[in-house]
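Input: a single structure, listed below in C-alpha cells.
Letters A, B, ... mirror the listed sequences (proteins, then strands); counts begin at 1.
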Amino acid sequence: DMKVTQMPRYLIKRMGENVLLECGQDMSHETMYWYRQDPGLGLQLIYISYDVDSNSEGDIPKGYRVSRKKREHFSLILDSAKTNQTSVYFCASSLSQYEQYFGPGTRLTVL
Amino acid sequence: GDSVTQTEGQVALSEEDFLTIHCNYSASGYPTLFWYVQYPGEGPQLLFRASRDKEKGSSRGFEATYDKGTTSFHLRKASVQESDSAVYYCALSDRNYAQGLTFGLGTRVSVFP
C-alpha cells in the first residue's frame with residue numbers, strides 16, 4: 001500500500017520558535033517534495049530532494065531548509081518561524097514523471 | 001516560466017449537472033498535463049494525466065483531452081454527484097518531472113443534492 005505520511009498533522013507555534021515537519025514514504029521513491037498551500041495561491045513548491053543529501057530549492061525556499069538523511073524520510077525545518085509561514089504543508093514523493101503521491105498535510109499556525 | 005490558469009475559482013452545481021472546468025497552460029516544452037483532486041483534510045490525489053496532443057485522460061467519469069493547439073486541458077463530467085464535491089487542480093510537468101509540478105490555483109466544486 002503506497003503511502004506518504006506526515007507528522008504532526010496540526011501544529012501551533014509562536015513567532016521565533018523553530019519548527020520541524022516530518023515526512024515519510026514507504027515506496028522507496030528517490031524524489032521527494034515539500035509544497036505549501038495557501039488560499040488564493042494554490043500549491044507552491046518549496047524544496048525538492050533527489051535522494052539522500054541531494055536537495056534543491058523550489059520556487060519559494062526563503063525561510064525554509066530541508067534535511068534528507070534516509071531515502072524514506074524528508075524533513076522541512078523553519079528556523080525562527082514567522083507569522084507569514086502559517087499554511088498547510090504537503091509532502092510528496094514520485095518515481096516517475098507520471099504521478100506524485102501526496103501526504104495528508106500539516107496545518108501549521110504561527111502566532 | 002511555466003504557468004497553469006484555471007478560469008473558475010468556484011463552481012456550484014446540482015446533482016446530475018454537467019461539469020466543465022477550464023484549464024489553459026503555458027510551457028516552453030511539451031508538458032505532461034494532470035488533473036488532481038483534493039478532498040477535505042487530504043492531500044491532492046491524481047485523477048488522470050495525458051502526455052501527447054489529442055490524448056484523452058479519464059477516470060471516475062471525468063475526462064479531459066490534451067489540446068496543444070489551444071494549450072488547454074479542460075475537465076468535464078457529464079453527471080456530477082454530491083461525492084464529487086472537492087477542489088480540482090490542473091497541473092503540468094515540463095520535461096523534467098524532478099522539477100516538481102506547476103499547479104493552477106484550483107477550482108472548488110460544490111455539488112448539492
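Between A/Glu99 and B/Phe48 there is no side-chain heavy-atom pair separated by less than 4.5 Å. In this structure, the side chains of B/Phe103 and A/Leu45 stay at 4.5 Å or more apart for every pair of heavy atoms.
Sparse packing is recorded around CZ of B/Arg108, with 12 or fewer heavy atoms of other residues, nucleotides or ligands lying under 6.0 Å away. The neighbour count for B/Phe18 CZ, taken as heavy atoms of other residues, nucleotides or ligands under 6.0 Å away, is above 12. Applying the 6.0 Å contact sphere to NZ of B/Lys56 captures no more than 12 heavy atoms from other residues, nucleotides or ligands. Enclosure of atom CZ in A/Arg71 by more than 12 non-hydrogen atoms of other residues, nucleotides or ligands within 6.0 angstrom is indicated.
B/Ala86 is linked by a side chain to side chain contact (heavy atoms under 4.5 Å, CB included) to B/Val37, B/Tyr39, B/Tyr88, counting only residues two or more places apart in sequence or in another chain.
Of the two parts of A/Gln37, only the side chain, counted from C-beta on, holds a non-hydrogen atom closer than 4.5 Å to a non-hydrogen atom of chain B. Neither the backbone nor the side chain of B/Gln45 comes within contact range of chain A; no heavy atoms are under 4.5 Å apart. No part of A/Arg107 comes within reach of chain B, as not one of its non-hydrogen atoms sits under 4.5 angstrom from that chain. Only the side chain of B/Gln38 comes within contact range of chain A, with heavy atoms under 4.5 Å apart.
Formation of a donor-acceptor pair under 3.5 Å by the A/Tyr101 side chain with backbone atoms of B/Leu46 is not found in this model.
Across B/Gly41, B/Gly106, B/Gly1, B/Gly104, the residue that shares the most heavy-atom pairs under 4.5 angstrom with chain A is B/Gly41.
Residues in residues 7-93 of chain B take part in these disulfide (SG to SG under 2.5 Å) pairs, two or more places apart or across chains: B/Cys23-B/Cys90.
Contact detail for B/Pro44 and A/Leu43: the closest heavy-atom pair is CG-CD1, 3.9 Å.
The hydrophobic clustering, which links ILVMFWY residues whose side-chain heavy atoms are closer than 4.5 Å, places A/Val52 and A/Met27 apart.
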